[in-house]
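Scroll down for the structure; my scribbles are underneath it.
Bear in mind the structure is a predicted one, so any value in this text is a computation, not a measurement.
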Amino acid sequence: MSGLRSRQAPPQAGAMIEALRGLGYNTATAIADIIDNSITACARSVNVDFKWDGSNSHILIRDDGYGMSATELDHAMRLGRRNPLDIRDENDLGRFGLGLKTASFSQCRRLTVMTTGIDGLHSLRWDLDVLANQADGGWHLLEGPFREVEDLIEPLKATGHGTLVVWEVLDRIVTENYNVQDFLNLMDYVESHLAMVFHRFLEKGRSQFFIQLNGKPVSPWDPFLTNHPAKPWHSPVQSFRNSGIKIECHVLPHKDRLSTKEFESAQGPEGWIAQQGFYIYRNERLLVAGSWLGLRPPDARKPWIKDEPHKLARIRLDITNSTDQEWKIDIRKSTARPPAHLRHWLIGHAESTRVRSRKVFAHRGQVSRASVGTEIMQAWRAEHFADGIRYRIDTNHPAIKSVIEGAGGLLPEIKTMIRIIEETVPVQRIWLDTAENKDTPHTGFSGEPSATILEVLEVMYRNMVIKRGIAPQLAKQTLLCSEPFQNYPELIQSLPDQPV
């Protein structure tokens, strides 16, 4: 060190660990971090058990992975034993070498790990109350066996391999006035979180990997409703150069296209609005479950926010664990920031997906059935001015054009009526109703019986053919290209060749 003097400055064990307890885990993210280790250990099953006993409640996480030797367990229980900059196996789900400890300390004061590896059964424990009472501030890692948990070892003995993590003294969970119903509610939330984070592992089937929560199998939650017949759009998988980064964009069906059960399930643990955006996976493990990543178009001053019109947009993004530092993955594996060289590529895909999501949301999932490349004549058009936008009725729309051409002496009154309608579009009311109801108003004859739609079509068709002298087939073709009738081709074709 070029002649510089130095001194050892080790942290006080108790104080250091108490500080690490505030890293921001919740119970679900902490358990997910433990399961990462199980997957890295090639486990095929993980059992999570919540045991309620008031202040003596505890949580067990047991896997059937290959377990650890005495040396490996010692390394696993030490803080800072592993350098996050080290090159890791491409399937390794860890990075900092802190997850087992920091995740556990965030929930409990006593962490016991028992494991059966190539050299038999071993157990070690961190007890924060023991550390707090040590005058020397040392790192006193307790050695087993521990009699009070010996009965929990039997499954490990039976399989001959695997690891059991025991959380006791759950001071961050079982707080004052906490009751058994709170504990059950927590279990439900943990189940939904694990179903989301590990859904790609669980989708491979029971023979590959499964998780059980108090004996109940955790079913995968697919954020993208893969293969749902009402899904309006998804992109092909695309890669960014040769980086190993892959993207796949999805627009989910509108709720009108889903059953009540499907709609409730598809919203995810945090709800439709919160779950929109990018889903970032590393080695198929979900890190970020819905975020626009602070991205914005080049001409925008503020990043995209989560809102109603874009709640159907979800984008799957796969990264490799060799890019953790570039993406600034945190210890909890719950945040990520895209590197600068990827932002333009990500913004392009996101903008395309958001545009499609807005259309599906606005039209309540009613996908246009007009021919590809056919321009739809819309009843409303937007005019952009320096001070904002105005919405105008398009007088070229067949229904409106027909009335104007046949108005005669009533034309001034009709034009006045149209102008009043344009100037009184209830924009604020529509916006408020949409925000409060979490949905757009019904338009385009959505939910109306066919007889009602046909009645309107017959009036338009008769005016076009009889009053304006348009050939029947041309009139039908015009209707097929006019909003909102483009979605009802069967009704249009049912119109007679000679209206009466």
Could you walk me through whether E326 and R337 pass the salt bridge (charged side-chain N to carboxylate O under 4.0 Å, His left out) check?
CA-CA 8 Å; E326 287 184 27; R337 294 175 58 191; over 6 Å; no

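Judged by distance alone, the side chains of H250 and R316 never bring a donor and an acceptor atom under 3.5 Å apart.
Ring centers of Y391 and W380: at least 6.0 Å apart, outside the cut-off.
For the pair R354 and W292, the distance from NZ or CZ to the six-membered ring centre is under 6.0 Å and the angle to the ring normal is within 45 degrees. Relative to the ring axis of Y281, R200 places its NZ or CZ within 45° and under 6.0 Å from the centre. Taking the ring centre of W233 as origin, the terminal cationic atom of R356 falls inside the region bounded by 6.0 Å and 45° from the ring axis.
The aromatic rings of F183 and Y178 sit perpendicular to each other, their planes meeting at more than 60°, with 30° as the lower class boundary. Using bins of under 30°, 30° to 60° and over 60° for the plane-to-plane angle, the ring pair F224/Y279 lands in the perpendicular bin.
Listed for the S104 side chain is a donor-acceptor partner under 3.5 Å among the backbone atoms of L100.
The closest side-chain heavy-atom distance from L295 to F278 is below 4.5 Å. Counting heavy atoms from C-beta on, the side chains of W327 and L287 never come closer than 4.5 Å. Looking only at side-chain heavy atoms (C-beta outward), K476 and L495 come within less than 4.5 Å of each other. Side chains of M377 and P398 form a contact here, defined as non-hydrogen atoms less than 4.5 Å apart.
A salt bridge is defined here as a Lys NZ or Arg NE, NH1 or NH2 lying under 4.0 Å from an Asp or Glu carboxylate O, and E458 with R462 fails to meet this definition.
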